[in-house]
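Shown next, in structure tokens, is the structure this report addresses.
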Number of protein chains: 2
Amino acid sequence: MHKEKIPKLTIPRLSLYYRALLESRESAFISSEELSKLTQFSAAQVRKDLTYFGEFGTPGKGYRIVELKEVILKILGTGRQRNIALIGAGNLGLALLAYRGFAVQGFRIVAAFDSNLSKIGKTFEGVLIRGMNELPQVVRNKNIEIAIIAVPANVAQEAVNKVIKSGITAILNFAPIRPKAPKGEEILNIDLSIELERLSYFLKRKSKKV
Amino acid sequence: MHKEKIPKLTIPRLSLYYRALLESRESAFISSEELSKLTQFSAAQVRKDLTYFGEFGTPGKGYRIVELKEVILKILGTGRQRNIALIGAGNLGLALLAYRGFAVQGFRIVAAFDSNLSKIGKTFEGVLIRGMNELPQVVRNKNIEIAIIAVPANVAQEAVNKVIKSGITAILNFAPIRPKAPKGEEILNIDLSIELERLSYFLKRKSKKV
DNA sequence: AAAAGATTGTGAATAATTTCACTTGACGCA
DNA sequence: TGCGTCAAGTGAAATTATTCACAATCTTTT
């Protein structure tokens with residue numbers, strides 16, 4: 001059994017390998033070299049990443065595509081549906097609600113919440129907007145495992161607190177703050193300003209190299 | 001002069017230091033220890049990050065907040081306005097257009113583009129939606145340095161190609177693909193599916209630890 | 001003016017991650 | 001069956017990033 005520690009970045013790479021596999025319908029097998037070409041990661045990286053979880057390849061041939069896809073699904077736990085609660089039904093929240101792009105992967109926003117009374121009770125994309133007070137029971141009833149935070153910065157920590165109290169442990173946060181949370185919670189931050197500032201830094205450096 | 005190579009993650013940390021500084025109005029000075037408390041990064045990390053760019057602190061006191069803020073702005077190149085082109089005026093695109101949150105940092109979407117004829121000519125949030133053919137001249141005229149890609153996956157590479165051809169070198173990509181681009185381009189990917197899959201992996205692991 | 005106290009800046013040590021390079025196993029063909 | 005080839009798996013090396021720990025230095029106090 002493999003006991004090595006798995007690098008953080010291995011997981012998103014697995015997602016990308018999976019995507020590449022979806023586009024590889026020509027052959028039954030794929031080599032780490034081919035996966036490397038498709039994903040821009042090195043072939044050694046591909047092999048290393050995969051062997052953290054087992055030995056799936058056959059020397060001389062490569063990886064059986066059908067099998068590898070199943071394996072990655074299993075590792076990521078995306079074989080089944082995962083229900084999501086959307087917190088915040090503003091512009092961004094509603095855009096995420098309308099974005100059905102990740103439904104294919106099994107993720108589904110099954111409930112939405114807002115504290116704005118004028119929104120509560122309305123339905124968008126077939127999803128009813130509820131008051132935050134309903135969060136705990138809806139999480140329980142609808143078997144919600146993930147929350148997406150799409151509220152303004154000034155109420156984001158409060159929203160995160162309520163989400164955690166409702167029993168959710170996996171959070172995707174779009175608010176431009178780093179929420180504080182107890183151990184055992186997994187919070188991923190998607191922070192527009194920070195990404196733009198990274199780009200700005202890149203532009204700055206570039207303009208200096210005359 | 002410092003010549004050490006700067007770790008990739010130093011830059012987003014600088015952004016977070018800056019944010020913390022905005023909230024530190026009590027005193028004129030702040031120590032790496034205090035910044036550590038505010039940002040969750042270690043004090044040594046704070047000092048290391050800052051010294052890549054110079055020596056800004058005074059032993060025994062810490063960093064002068066006003067000065068440090070200026071320094072970080074200068075490093076990141078966020079002291080001045082950066083103009084952005086939005087590619088794709090669908091749900092997500094329009095939500096980004098409406099999100100004025102990063103305007104304060106000097107980032108501004110000054111033009112929007114779509115290939116859907118029914119959208120071209122309309123105005124959202126004071127920004128006219130134009131056809132993609134207008135991209136090159138608008139980039140030139142409006143001094144646009146950054147593009148945000150918010151188009152469906154199947155046309156994203158094409159959009160990126162056009163953006164690059166128009167002379168833009170910094171791209172924030174929301175489409176669930178890894179665009180191919182020549183060297184010299186900086187592309188940051190914000191990929192919802194991948195983040196959700198990371199959360200799924202986390203949930204999977206968690207459920208195993210019984 | 002000296003001593004005490006605080007905190008920076010930084011080499012060195014450690015940790016994490018990726019790449020290298022080689023061994024081994026599987027397949028296909030003569 | 002045996003040989004050649006291909007590609008996985010993997011320790012070791014290299015690279016990258018973070019943490020440690022302490023000398024240097026500035027401030028404050030007495």
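In what follows, chains carry the letters A, B, and so on, assigned in the order in which the sequence lines appear, proteins first and then strands, with residues in each chain numbered from 1.
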ask   = In residues 6-34 of chain B, what residues come within less than 4.0 Å of DNA chain C, judged by heavy atoms?
value =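 Close to the strand are B/Ser31, B/Ser32.
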
inquiry  = What I'd like to find out is whether the side chain of A/Gln40 reaches to under 4.5 Å of the side chain of B/Arg178, using heavy atoms alone.
reply    =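 They are not in contact (no side-chain heavy atoms under 4.5 Å apart), so the answer is no.
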
request  = Indicate yes or no: at least one non-hydrogen side-chain atom of B/Phe107 is less than 4.5 angstrom from one of A/Ser200.
outcome  =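 Of all side-chain heavy-atom pairs linking A/Ser200 with B/Phe107, at least one is under 4.5 Å.
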
key: Which nucleotides of DNA chain C pair, in dot-bracket form (Watson-Crick or G-U under 3.5 Å, | meaning another strand)   = ||||||||||||||||||||||||||||||

task = Indicate, with a heavy-atom threshold strictly under 4.0 Å, whether A/Gly57 touches base, sugar-phosphate, or nothing.
result =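 Sugar-phosphate contact only.
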
request  = Between C/dT8, C/dT10, D/dG9, spot the one nearest the side chain of B/Pro59, thanks.
outcome  =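 Output: C/dT8.
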
Starting at [atom1] of [X] and ending at [atom2] of [N], how long is that distance when rounded to a whole Å?
{"X": "B/Leu50", "N": "C/dT7", "atom1": "CG", "atom2": "P", "result": "16 Å"}
{"X": "A/Glu55", "N": "C/dG25", "atom1": "CD", "atom2": "P", "result": "11 Å"}
{"X": "B/Lys48", "N": "C/dT14", "atom1": "NZ", "atom2": "C1'", "result": "12 Å"}
{"X": "B/Leu68", "N": "C/dT8", "atom1": "CG", "atom2": "P", "result": "11 Å"}
{"X": "B/Tyr52", "N": "C/dT8", "atom1": "OH", "atom2": "C1'", "result": "16 Å"}
{"X": "A/Lys5", "N": "C/dA15", "atom1": "NZ", "atom2": "C1'", "result": "9 Å"}
{"X": "B/Gln40", "N": "D/dT18", "atom1": "CD", "atom2": "C1'", "result": "17 Å"}
{"X": "A/Phe41", "N": "C/dT17", "atom1": "CZ", "atom2": "C1'", "result": "13 Å"}

query = Do A/Tyr99 and B/Asn91 have side-chain atoms, one donor and one acceptor, less than 3.5 Å apart?
reply =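 There is no such pair (donor and acceptor under 3.5 Å, judged by atom type) between the side chains of A/Tyr99 and B/Asn91.
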
request  = Could you tell me whether the side chains of B/Asn143 and B/Glu145 share a donor-acceptor contact shorter than 3.5 Å?
outcome  =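 Side chains of B/Asn143 and B/Glu145: no pair found under 3.5 Å.
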
query = Does a salt bridge link B/Glu34 with B/Lys37, judged by any charged N lying under 4.0 Å from a carboxylate O?
reply =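 Result for this pair is no, no salt bridge flagged.
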
key: Ionic contact status for B/Asp191 with A/Arg19, cut-off 4.0 Å   =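 Yes.
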
May I ask you to verify if any side-chain N or O of [X] is less than 4.0 angstrom from the OP1 or OP2 atom of [N]?
{"X": "A/Ser42", "N": "C/dT19", "result": "yes"}
{"X": "B/Tyr63", "N": "C/dG9", "result": "yes"}
{"X": "A/Gln45", "N": "C/dT19", "result": "yes"}

query = Out of A/Lys165, A/Glu158, A/Gln157, which residue meets the side-chain hydrogen bond (donor to acceptor under 3.5 Å, both in side chains) rule with A/Asn161?
reply =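 Going through the options one by one, the only one that passes is A/Gln157.
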
inquiry  = For B/Arg108, is the CZ atom crowded, meaning more than 12 foreign heavy atoms sit under 6.0 Å from it?
reply    =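 Atom CZ in B/Arg108 is not crowded, with 12 or fewer foreign heavy atoms closer than 6.0 Å.
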
task = Please round to the nearest 0.5 Å and tell me the distance separating atom OG of A/Ser15 and atom CD1 of A/Ile72.
result =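 Between atom OG of A/Ser15 and atom CD1 of A/Ile72 there are 8.5 Å.
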
inquiry  = On DNA chain C, compare the nucleotides closest to A/Gly60 and A/Asp49; which residue's is nearer the 5' end?
reply    =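 Between the two, 5'-proximity favours A/Asp49.
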
